[in-house]
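Written below as structure tokens is the structure these notes are about.
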Amino acid sequence: MSTLLMLEHVSVSLGGRPVVQEASLTLAAGEIVALLGPNGAGKTSLMRAAMGLIASTGAVQLSGADPRALSVRERALRAAYLPQRPQSIWPISVESLVALGRYAYGAAPDRLAPRDQAAVDAAIESCGLSALRKRSMDEVSGGEKARAHLARTLAQQAPLLVLDEPTAGLDPAQALAVADILRAHAQSGGAVLLSTHDVALAARIASSVLLMRTGQVIAQGPAGMALTPDALQQAYGRKARLERIGDAYAALFE
Amino acid sequence: MSATFRACVLLLALSAAALIGALWLGPAPLANPFAADAATQTIVWEIRLPRALAAWLVGAALGLSGAALQGLLRNPLADSGVLGLSGFAALGAVLAFAFGAASLAPLAAITFALVAAIAVTALGWRARGPASLVLIGVGLSSFASGLIALALNLAPNPGALADLINWTLGSVEGRSMQHVVLVGALLLGGGGLILAAARGLQALTLGEEAAAAIGANLPRTRALVVLGAAACTGGATAVAGVIGFVGIAAPHLVRALAGHDPARLLAPSAFAGGALLVIADISVRLLPTDAELKLGVAAALIGGPVFALIAARLASRGGDA
């Protein structure tokens, strides 16, 4: 299986303060890795470093190339990124927003080639937005906005998805629908790096998790092995345990 | 807004501007331009038409640079006037006029507009919310006004002061085809740069980081818009003096028809800016005042309240566009 993302001893400092220290991970096609940890743990900074959006030390490779040395277009063809608070500054239509995912292919949202249109249509459909595609972004709910931004990253058709809290603000059913979309992406030969505060969802969909606190990796590996009560307490400062219930998990915090 | 519709409005506005004024000429001079008497021909072809064309091109340049700056800075209150580009362009031109180098006025206006554009883009790139950016622009505009006052104060040729002050009020009165060519050329050059940045402006709808992540070359977008807006504003100001608010009003007016996509707003905003200024110029000619009202003064009297209304609407939405 090809390696889509490789981070080795990656450290990030913001304003002279270390926010990620010596983090390493490898993400191959077919895998989903979830970053877990409390607010301020360094998850977002690690994802931005993986995309080459902020300065970092250590080795970073997106499909075998350092994103910091790639052109913005080459990088966009290898990885799609969903920021923690995705924006639509102007109230454009849902369809136009999703079409921005085709930017790296030279497409303008209002003049899509058949291949670009097909990618946009597929992304809109997979995120359940077909009925809303002409709706303005300021006329849809928070959950619909989140799905529109996810659809934009899917339309990019990059093998790697780097998603910062893609299920934030979604109800449980919608969060599970997003989980299904991410699984489908991995099963079709892609890979996903996501961050989330939903420990149970991460355990359910991720092939491995990376638990962080104050920039340091506390535990790493398959959820059932990495998310021990000790590791969870060390990360979140509360007694906690992960319980498996059939195919699902429950994270119980005392 | 189809091309045919735009062409019709353009012809209608220019025809009206050629015929309407202190002296009503009737439609005959346009129906058969060579049959009219020499005085009428002079009024139409050498006075009113260059004036109308100058007004259209100045308005188009300001409307286009306003739409581009709004897209770049993701702020519906951005335009050359509010952000200080017009003030700095005027400063450049005033310095050239005041120190006897009138032929350098366009170059000085563009250079100074470029300095302001770079400063406001650098300072305002990460401004939080529309208000912060407007405040930066207010600061730059005030600084430019202070420097214009200083230049006037120290001008070696006090006899030219009245002309200079008149010029800073903004007008297209008495402009010739030379002015039309000048602003037209700068609109063409600056517009070309801005249109080359159109896709980057679309990408910026997602915010800076996500735009870079989808493959947008933001340094290129920024450079193209800054240079383009400086050329357009410099050209407009060198020809007509300071005319504010067209750059805010034009994109705002066309959003209802053309939508909010920053790339699709560019050409309609240029068109609307041109139409607005020609109509405003016809209006100031028809007002029964002893001295003709300056176009810049009329634009400020109408544009100021419009600006306040847009700002109030934004504030009620929590600063969002």
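Lettering follows sequence order; numbering is per chain, from 1.
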What do you reckon, is [atom1] of [X] surrounded by more than 12 foreign heavy atoms closer than 6.0 Å?
| X | atom1 | answer |
| --- | --- | --- |
| B:Phe143 | CZ | no |
| B:Arg264 | CZ | no |
| A:Glu125 | CD | no |
| A:Arg183 | CZ | yes |

For B:Ala263, is it the side chain, the backbone, both or neither that has a heavy atom under 4.5 Å from a heavy atom of chain A?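 When you check distances to chain A, no heavy atom of B:Ala263 falls under 4.5 Å.
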side-chain contact (heavy atoms from CB on, under 4.5 Å) for A:Arg152 and B:Ile214? Distances and angles first, verdict last. CA-CA 9 Å; A:Arg152 192 263 301 159; B:Ile214 63 168; 3.4 Å; yes
Largest heavy-atom contact set with chain A, pairs under 4.5 Å, which of B:Asp261, B:Thr205, B:Asn217: B:Thr205
In terms of heavy-atom proximity below 4.5 Å to chain B, should A:Pro86 be classed as side chain, backbone, both, or neither?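 Interface part for A:Pro86: neither.
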Which bit of A:Ala158 comes within less than 4.5 Å of chain B, counting heavy atoms only: side chain, backbone, both or neither? neither
With distance as the sole test, does B:Arg199 use its side chain to make a donor-acceptor pair with the main-chain N or O of A:Tyr103 at under 3.5 Å?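 Between the backbone of A:Tyr103 and the side chain of B:Arg199 there is a qualifying donor-acceptor contact (under 3.5 Å).
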What heavy-atom pair brings [X] and [Y] nearest, and what distance separates the two atoms?
| X | Y | result |
| --- | --- | --- |
| A:Gln87 | B:Gly207 | OE1-CA, 3.8 Å |
| A:Trp90 | B:Pro76 | CH2-N, 3.8 Å |
| B:Arg74 | A:Ile89 | CD-CD1, 3.2 Å |
| A:Tyr81 | B:Ala213 | CB-CB, 3.7 Å |

Going by heavy atoms in the side chains, are B:Leu206 and A:Leu100 under 4.5 Å from each other?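 Side-chain contact under 4.5 Å: yes.
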Pairs flagged by salt bridge (charged side-chain N to carboxylate O under 4.0 Å, His left out) wherever residues 36-57 of chain A is involved - sequence neighbours left out: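 For residues 36-57 of chain A: A:Arg48-B:Glu209.
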Which distance, rounded to the nearest 0.5 Å, do you find between the OG of A:Ser96 and the CD of B:Gln202? 8.0 Å
